[in-house]
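These figures come from a predicted structure and were not determined experimentally.
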Amino acid sequence: MSVHCALPSARRSFSLSCPAAGLLRCLLPVPNSIPRMSSKRQMDHLERTASNQRQSAVYPAQVCGIINESESVKRLRLTAHPDFNFKAGQWVDFFIPGVEKVGGFSMCSTPGLLQREGVVELAVKFANHPPAHWVHTACALGSQVAMRVGGDFYFDPSPSDPATDLLLVAGGVGINPLYSILSHSADLLQLSRASGGGGCNIGSVHLCYSAKTTQELLFKNPILWACKEFPDKLTCEFHVTQQTTDIEPQLQPFVSRRRIAELELETHVDPQRTLCYLCGPPPMIEAVSQILLELGLPQDRILFEKWW
């Protein structure tokens, strides 16, 4: 589904001739020439995603906002090229002048935000991997980068599709694409409300999100706001596994001090209607996938992203 609106003037005036453009062209790999895996080192992003679909176009972007989402996660706002487009849940190949390695970051924002404001958001956890390290140590307002969209993990319903119930299961920074999907669902619900019931058929959307502590539950406040805005459609449960302090009073009704278990998953699984998106550490994905299969959810209705 696409929503058409006038581009803001800031987006229309974005220049392709940024100072870093020439250098970026030198950094970009030739399309379809993904590096081969070496058995002597860990696969990098391009190797891990070599079999995934990706767009052919690479677009320049400029950092226009940097927010400390938590002690270890920075959220970047990037002014995007007018032709840049993506589906909720996808990621970008992230090209940085002077950094040889290509980053791979899931977008945490929505196609709706891109259409309204011309910006894309990425939440990047600190790591020694060069692209993530650059985000936390060298990135500044005005920094020039380039992005190419890829990924087979996305939610992109059309008005003719039947309503599907979504179960979103996230671990740690794996919330990024699932927050995009949940927020996109809220955008579509808002459009349906404004049009008097037209648009896409959105079923129920339930989020199970686990992190070490409540401080590491990214986007918890906007998630709760969205659930409050559409209580008959959007619901959430937070889980913390290493919390040693008291849980904030406003979060207590939504937080459990344990891992995501079969009991809460079973409540939200209907083999005929449920489509499950999983994103997080591979061991969590494997464990949850097995539970879902045992609950009768078909394999082709269990989608996951675990390439990092």
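- Separation of atoms SG (C208) and CD (E237) is listed at 4.5 Å; rounding is to 0.5 Å.
- H45 is not listed as a side-chain neighbour of F105, based on a closest heavy-atom distance of 4.5 Å or more.
- Residues C276 and L297 meet the side-chain proximity criterion, which asks for heavy atoms closer than 4.5 Å.
- Between the side chain of R257 and the backbone N or O of Q243 there is at least one donor-acceptor pair closer than 3.5 Å.
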Checklist entry - Stepwise, does the side chain to side chain contact (heavy atoms under 4.5 Å, CB included) test hold for L114 with S109? => result CA-CA 8 Å; L114 176 63; S109 56; over 6 Å; no
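- Nearest heavy atom pair, residue G280 against residue I285, reads N-CD1, 3.5 Å.
- With salt bridges taken as basic N to acidic carboxylate O contacts below 4.0 Å, none links R301 and D270.
- Not counting sequence neighbours, the partners of L224 by the side chain to side chain contact (heavy atoms under 4.5 Å, CB included) test are C236, F238, L251, F254.
- Listed for the H206 side chain is no donor-acceptor partner under 3.5 Å among the backbone atoms of V269.
- S183 pairs by the side chain to side chain contact (heavy atoms under 4.5 Å, CB included) definition with T110, Y179, not counting sequence neighbours.
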Next on the checklist: The test is side chain to side chain contact (heavy atoms under 4.5 Å, CB included); show your working for L167 and L292 and say whether it passes.
Outcome noted: CA-CA 11 Å; L167 173 59; L292 294 172; 4.0 Å; yes
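- For the side chain to side chain contact (heavy atoms under 4.5 Å, CB included) with D93, the qualifying choice from Q55, M147, R54 is R54, the only one to do so.
- Taking 4.5 Å as the limit, every side-chain heavy atom of T274 sits out of range of all side-chain heavy atoms of H268.
- Sorted by first and then second residue, the salt bridge (charged side-chain N to carboxylate O under 4.0 Å, His left out) pairs involving residues 241-254 (not counting sequence neighbours) form an empty list.
- Residues P281 and G171 approach most closely at CD-O, 3.8 Å, considering heavy atoms.
- The shortest side-chain heavy-atom distance between D161 and C200 does not fall under the 4.5 Å cut-off.
- Formation of a donor-acceptor pair under 3.5 Å by the T49 side chain with backbone atoms of N52 is not found in this model.
- Both I66 and V120 are assigned to one and the same hydrophobic cluster, defined by single-linkage of ILVMFWY side chains at heavy-atom distances under 4.5 Å.
- In this structure a side-chain-to-backbone donor-acceptor pair under 3.5 Å is present from S185 to I181.
- With respect to E69 and K125, no salt bridge is recorded, no charged nitrogen being found less than 4.0 Å from a carboxylate O.
- Applying the side chain to side chain contact (heavy atoms under 4.5 Å, CB included) criterion to S204, with sequence neighbours excluded, gives D165.
- V169 and L293 fall within a single hydrophobic cluster, where Ile, Leu, Val, Met, Phe, Trp and Tyr side chains are chained together by heavy-atom contacts under 4.5 Å.
- V92 has its side chain within reach of F84: a pair of non-hydrogen atoms, C-beta onward, lies under 4.5 Å apart.
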Item to check | Pair V119-C64, side chain to side chain contact (heavy atoms under 4.5 Å, CB included): steps then yes or no | outcome: CA-CA 9 Å; V119 300; C64 61; 4.1 Å; yes
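- Contact of the F219 side chain with the I175 side chain is registered, since non-hydrogen atoms from C-beta on lie closer than 4.5 Å.
- Of all heavy-atom pairs spanning A163 and G203, the tightest one is CB-N, 4.1 Å.
- Considering only heavy atoms from C-beta on, V73 comes within 4.5 Å of L218 through its side chain.
- At least one donor-acceptor pair under 3.5 Å links the side chain of S143 to the backbone N or O of A140.
- A distance of 6.0 Å or more separates the ring centres of F153 and F304.
- Pairs of residues two or more places apart, or lying in two chains, that qualify as salt bridge (charged side-chain N to carboxylate O under 4.0 Å, His left out) and include a residue from residues 204-233 are R193-E229.
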Item to check | Audit row: Q290, E294, side chain to side chain donor-acceptor pair (under 3.5 Å) steps and yes/no | outcome: CA-CA 6 Å; Q290 185 58 42; E294 293 172 358; 3.2 Å; yes
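- Within the 3.5 Å criterion, the main-chain N or O of Y154 finds a donor-acceptor partner in the side chain of Y277.
- Annotation: the span from D83 atom CG to Y59 atom OH amounts to 4.5 Å, rounded to 0.5 Å.
- The neighbour count for Q250 CD, taken as heavy atoms of other residues, nucleotides or ligands under 6.0 Å away, is above 12.
- The two residues I202 and P157 have their closest heavy-atom pair at CD1-CG, 4.3 Å.
- To the nearest 0.5 Å, atom CD of residue E121 and atom OG of residue S180 are 10.0 Å apart.
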Next on the checklist: Assess the residue pair V145 and L78 against the criterion (side chain to side chain contact (heavy atoms under 4.5 Å, CB included)); give the C-alpha distance rounded to whole Å, side-chain angles, the decisive distance to 0.1 Å, and a yes or no.
Outcome noted: CA-CA 9 Å; V145 297; L78 299 123; 3.7 Å; yes
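- Considering all non-hydrogen atoms of both residues, V173 and A123 come closest at CG2-O, 4.2 Å.
- The backbone N or O of L263 lies less than 3.5 Å from a partner atom in the side chain of T267, making a donor-acceptor pair.
- Remark: side-chain polar atoms of S106 are not paired, donor with acceptor, to backbone N or O of P177 under 3.5 angstrom.
- Q53 places no side-chain N or O within donor-acceptor distance of the main-chain N or O of G150, the cut-off being under 3.5 Å.
- Inter-residue side-chain proximity for V63 and C139 is flagged as met; some heavy-atom pair is nearer than 4.5 Å.
- Here CG of D156 is found 9.0 Å from CG of L188. Values are rounded to the nearest 0.5 Å.
- The structure places CD1 of I291 at 12.5 Å from CD of E286, a figure rounded to the nearest 0.5 Å.
- A donor-acceptor distance shorter than 3.5 angstrom exists from the side chain of E47 to the backbone of D44, with no hydrogens or angles considered.
- Under the 4.5 Å side-chain heavy-atom criterion for Ile, Leu, Val, Met, Phe, Trp and Tyr, L122 and F126 are members of distinct hydrophobic clusters.
- In terms of heavy atoms, L207 sits closest to I223 at CD2-CD1, 3.7 Å.
- Take R259 and apply the salt bridge (Lys or Arg N to Asp or Glu O under 4.0 Å) test, not counting sequence neighbours, and it matches no residue.
- Under 3.5 Å, the side chains of S256 and H239 contain no donor-acceptor pair of N or O atoms.
- Atoms CG and NZ, from L46 and K101 in turn, are 9.0 Å apart once rounded to the nearest 0.5 Å.
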